[in-house]
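If you read the sequence from its start, that first residue is 1, and numbering goes on from there.
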Amino acid sequence: VTTLTTEDAEILEKLQQRAENPKAPRNEDVTVSVETLSNGIKITHSTEDSELLARWQEQTKRKTLRDSMTRTVENTENGVKITITSDNEEAVEHLQSRENREPKNDKITKTQTNISNGVIIEITTENEELVEKIQERAEEGKHGQGGRGRHGRGGFGKRGRHKYFDRCK
């Protein structure tokens, strides 16, 4: 179930127009229903396919964990200090148990310190050019992903487009 709500009258009108003509599901095993609310819409996806349902539940669990996390980036003289915290015990456990991969560039040092409600990741270097790159990548949320981007497709997004093209629109 996805509920989309807004206080903006223009957006509300667009949402409710969407409710009148919902898109057909891509998977024939999925049923989609859309209910109009006074301040938005409620979209319900349902299926009898147990594998698909398990995948949805896992995605929802990951999103819930991700949404419970707060990430702050503080630029330092020689890199960044990234603090990721959560009030969700499972999220904290996940953060603290992640493999601390070493940077590919031997001029960069990365340390992770567990704190009671999350982790502090410090990425530093003595190379001034790298400091700027580290700070830019950290601000974009790209530390430690090995250039794969969020969807693990070598810099390509959900639909196979390169992120560069999305920024050029």
Side-chain angles (χ1 to χ4, degrees), residues 1-6 25-27 29-30 32 42-169:
V1 176
T2 304
T3 304
L4 305 172
T5 60
T6 183
R26 287 184 249 164
N27 186 326
D29 296 332
V30 176
V32 178
K42 178 179 172 182
I43 306 167
T44 304
H45 292 80
S46 55
T47 185
E48 297 294 323
D49 182 335
S50 60
E51 287 181 24
L52 181 57
L53 184 59
R55 192 166 68 226
W56 287 351
Q57 290 169 338
E58 183 59 33
Q59 288 170 346
T60 300
K61 179 181 175 184
R62 280 196 311 266
K63 183 177 183 341
T64 301
L65 290 178
R66 205 172 35 248
D67 289 349
S68 77
M69 297 178 195
T70 302
R71 181 179 180 277
T72 58
V73 176
E74 178 186 335
N75 288 345
T76 61
E77 187 177 309
N78 59 347
V80 293
K81 177 180 175 181
I82 303 165
T83 305
I84 308 172
T85 59
S86 177
D87 55 4
N88 179 312
E89 286 183 36
E90 189 175 355
V92 172
E93 185 178 310
H94 171 75
L95 285 169
Q96 294 178 346
S97 66
R98 289 191 313 184
E99 177 186 348
N100 187 17
R101 292 180 286 169
E102 291 299 316
K104 291 180 182 177
N105 188 328
D106 60 359
K107 295 177 183 175
I108 298 173
T109 303
K110 178 181 171 190
T111 59
Q112 178 174 314
T113 306
N114 292 343
I115 56 177
S116 64
N117 62 341
V119 295
I120 296 174
I121 301 167
E122 294 182 85
I123 305 171
T124 59
T125 184
E126 297 303 317
N127 182 310
E128 288 183 33
E129 290 176 16
L130 287 176
V131 169
E132 190 174 313
K133 288 180 183 180
I134 290 169
Q135 291 173 345
E136 286 173 5
R137 287 179 57 90
E139 195 60 43
E140 294 173 3
K142 294 183 179 175
H143 72 283
Q145 293 183 357
R148 288 190 308 272
R150 185 170 165 214
H151 298 286
R153 290 186 173 89
F156 289 82
K158 239 180 184 178
R159 297 202 170 109
R161 295 182 309 230
H162 196 277
K163 291 176 186 175
Y164 170 78
F165 296 114
D166 291 339
R167 283 189 235 131
C168 293
K169 290 182 180 176

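Contacts of L53 classified as side chain to side chain contact (heavy atoms under 4.5 Å, CB included), with partners at least two apart in sequence or in another chain: T47, W56, Q57. Contacts of S68 classified as side-chain hydrogen bond (donor to acceptor under 3.5 Å, both in side chains), with partners at least two apart in sequence or in another chain: S86.
Contact check for N88 versus L65: side-chain heavy atoms found under the 4.5 Å cut-off. Side-chain contact between I134 and E136 is absent, with no heavy atoms from C-beta onward closer than 4.5 Å. Here the side chains of I108 and T124 are not in contact, with every heavy-atom distance at 4.5 Å or above. Side-chain contact between D29 and E48 is absent, with no heavy atoms from C-beta onward closer than 4.5 Å. In this structure, the side chains of R55 and E58 stay at 4.5 Å or more apart for every pair of heavy atoms. For the pair R98 and I121, the minimum side-chain heavy-atom distance is below 4.5 Å. Between T70 and I84, the closest side-chain pair of non-hydrogen atoms is not below 4.5 Å.
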Practice prompt. Mind running side chain to side chain contact (heavy atoms under 4.5 Å, CB included) on V32 and I43 for me, showing each step along the way?
Written response: CA-CA 7 Å; V32 178; I43 306 167; 4.0 Å; yes

Practice prompt. Quick one: do I115 and T85 satisfy side chain to side chain contact (heavy atoms under 4.5 Å, CB included)? Show the steps, please.
Written response: CA-CA 9 Å; I115 56 177; T85 59; 4.1 Å; yes

Item to complete: Go through the steps for H94 and M69 under the test side chain to side chain contact (heavy atoms under 4.5 Å, CB included), then give the verdict.
Response: CA-CA 11 Å; H94 171 75; M69 297 178 195; 4.3 Å; yes

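More than 12 heavy atoms of other residues, nucleotides or ligands shown are found within 6.0 angstrom of CD on Q59.
Among the candidates N78, N105, V131, the single residue satisfying the side-chain contact (heavy atoms from CB on, under 4.5 Å) test with T125 is V131.
We find the CZ-CZ distance between R71 and R66 to be 13.0 Å, quoted to the nearest 0.5 Å. Once rounded to the nearest 0.5 Å, the distance linking CD of E122 with OG1 of T109 reads 10.5 Å. How far CG of L130 is from CD1 of I123: 12.0 Å, rounded to the nearest 0.5 Å.
Identified under the salt bridge (Lys or Arg N to Asp or Glu O under 4.0 Å) test for residues 73-93, with sequence neighbours left out: K61-E90.
Nearest approach of E129 to N127, heavy atoms of both residues: N-OD1, 2.9 Å. Nearest heavy-atom pair, D49 versus E51, reported as atom, atom and distance to 0.1 Å: OD1-N, 3.0 Å. Between A138 and V73, the shortest heavy-atom distance links the atoms O-CG2, 3.6 Å.
Looking only at distances, a side-chain donor or acceptor of Q96 sits under 3.5 Å from a matching main-chain atom of G118. The main-chain N or O of K107 is never found under 3.5 Å from a side-chain atom of E126 such that the two would form a donor-acceptor pair.
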